[in-house]
Student: 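First the structure, which I've put down as structure tokens, then a few questions once you've had a look.
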Amino acid sequence: MKKITLSVAALAIAVSSFGQCTSGDEYQEQVKTFKSFEYQILDLIDAVKMDMYYGFLDKEKGTYYINQMTTLMITNRQMLAELNKDKYVKLWEIK
């Protein structure tokens with residue numbers, strides 16, 4: 001359970017402190033990083049669900065962890081949407 005808590009905390013710090021830039025290659029790297037975070041969060045959710053199924057984790061605690069990780073995933077998607085919006089706004093400003 002400590003492992004899950006530390007993983008969620010690490011993802012939260014990484015997602016919240018991730019900077020934005022405008023270069024094409026850097027943009028692609030950022031998109032890959034955001035997608036990587038999402039896949040890691042989905043893997044953690046699956047692991048928690050398996051622990052709940054096999055009885056290693058209480059359903060209440062498991063549900064709490066899943067809700068927290070879902071919140072992280074939503075934040076990650078919102079940041080990716082902001083990145084895409086900023087990219088397209090800057091492209092329109094160039095013309």
Side-chain angles (χ1 to χ4, degrees):
M1 186 148 38
K2 289 181 183 180
K3 186 188 224 181
I4 293 172
T5 306
L6 291 176
S7 297
V8 171
L11 281 171
I13 292 169
V15 168
S16 66
S17 64
F18 194 72
Q20 295 183 355
C21 56
T22 59
S23 172
D25 292 335
E26 292 176 6
Y27 170 77
Q28 291 301 324
E29 280 297 315
Q30 287 181 342
V31 170
K32 286 180 185 178
T33 303
F34 280 118
K35 288 182 180 181
S36 171
F37 285 144
E38 183 161 344
Y39 294 140
Q40 289 174 358
I41 292 169
L42 289 172
D43 287 342
L44 285 170
I45 290 172
D46 286 341
V48 170
K49 285 181 180 179
M50 286 190 330
D51 286 349
M52 287 170 45
Y53 178 78
Y54 289 111
F56 298 122
L57 189 61
D58 293 337
K59 289 199 180 226
E60 291 175 4
K61 288 182 182 179
T63 304
Y64 173 77
Y65 287 135
I66 289 172
N67 288 338
Q68 293 300 316
M69 288 183 272
T70 304
T71 303
L72 280 175
M73 194 165 57
I74 291 169
T75 303
N76 186 42
R77 287 184 182 178
Q78 288 174 342
M79 291 174 68
L80 183 59
E82 285 292 319
L83 178 67
N84 285 332
K85 184 181 88 175
D86 290 344
K87 179 185 180 197
Y88 290 118
V89 167
K90 290 176 184 174
L91 287 174
W92 283 105
E93 290 174 354
I94 291 173
K95 292 182 178 181

Student: Let me see the working for K85 and E82 under salt bridge (Lys or Arg N to Asp or Glu O under 4.0 Å), right down to the final yes or no.
Tutor: CA-CA 5 Å; K85 184 181 88 175; E82 285 292 319; 3.5 Å; yes
Student: If hydrophobic clusters are built from ILVMFWY residues whose side chains come within less than 4.5 Å, do Y64 and I41 share one?
Tutor: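 Yes; tracing contacts between hydrophobic side chains, which count when under 4.5 Å, links both residues.
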Student: Checking side chain to side chain contact (heavy atoms under 4.5 Å, CB included) against I66, which of T71, V48, L44 comes through?
Tutor: V48
Student: Give the minimum heavy-atom separation between M52 and D58, together with the two atoms involved.
Tutor: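 Between these two residues, the closest heavy atoms are CG-O, 4.1 Å.
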Student: Quick check for you: to the nearest 0.5 Å, what is the distance between N76 atom CG and M69 atom CE?
Tutor: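 Interatomic distance, N76 CG to M69 CE, rounded to 0.5 Å: 14.0 Å.
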Student: Quick check: is M50 connected to L57 through a chain of hydrophobic side chains (ILVMFWY, heavy atoms under 4.5 Å apart)?
Tutor: no
Student: Roughly how far apart are D43 CG and E38 CD, rounded to 0.5 Å?
Tutor: 11.0 Å
Student: Hydrophobic cluster membership, with links at side-chain heavy-atom distances under 4.5 Å among I/L/V/M/F/W/Y: are I74 and L72 in one?
Tutor: no
Student: State the OH-CE distance between Y39 and M73, to the nearest 0.5 angstrom.
Tutor: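 That separation rounds to 11.5 Å.
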Student: Main chain of E29, side chain of T33: is a donor-acceptor contact present, judged purely on distance under 3.5 Å?
Tutor: yes
Student: Fit a plane to each ring of F34 and F37, take the angle between them on a 0 to 90° scale, and name the class: parallel (under 30°), tilted (30 to 60°) or perpendicular (over 60°).
Tutor: perpendicular
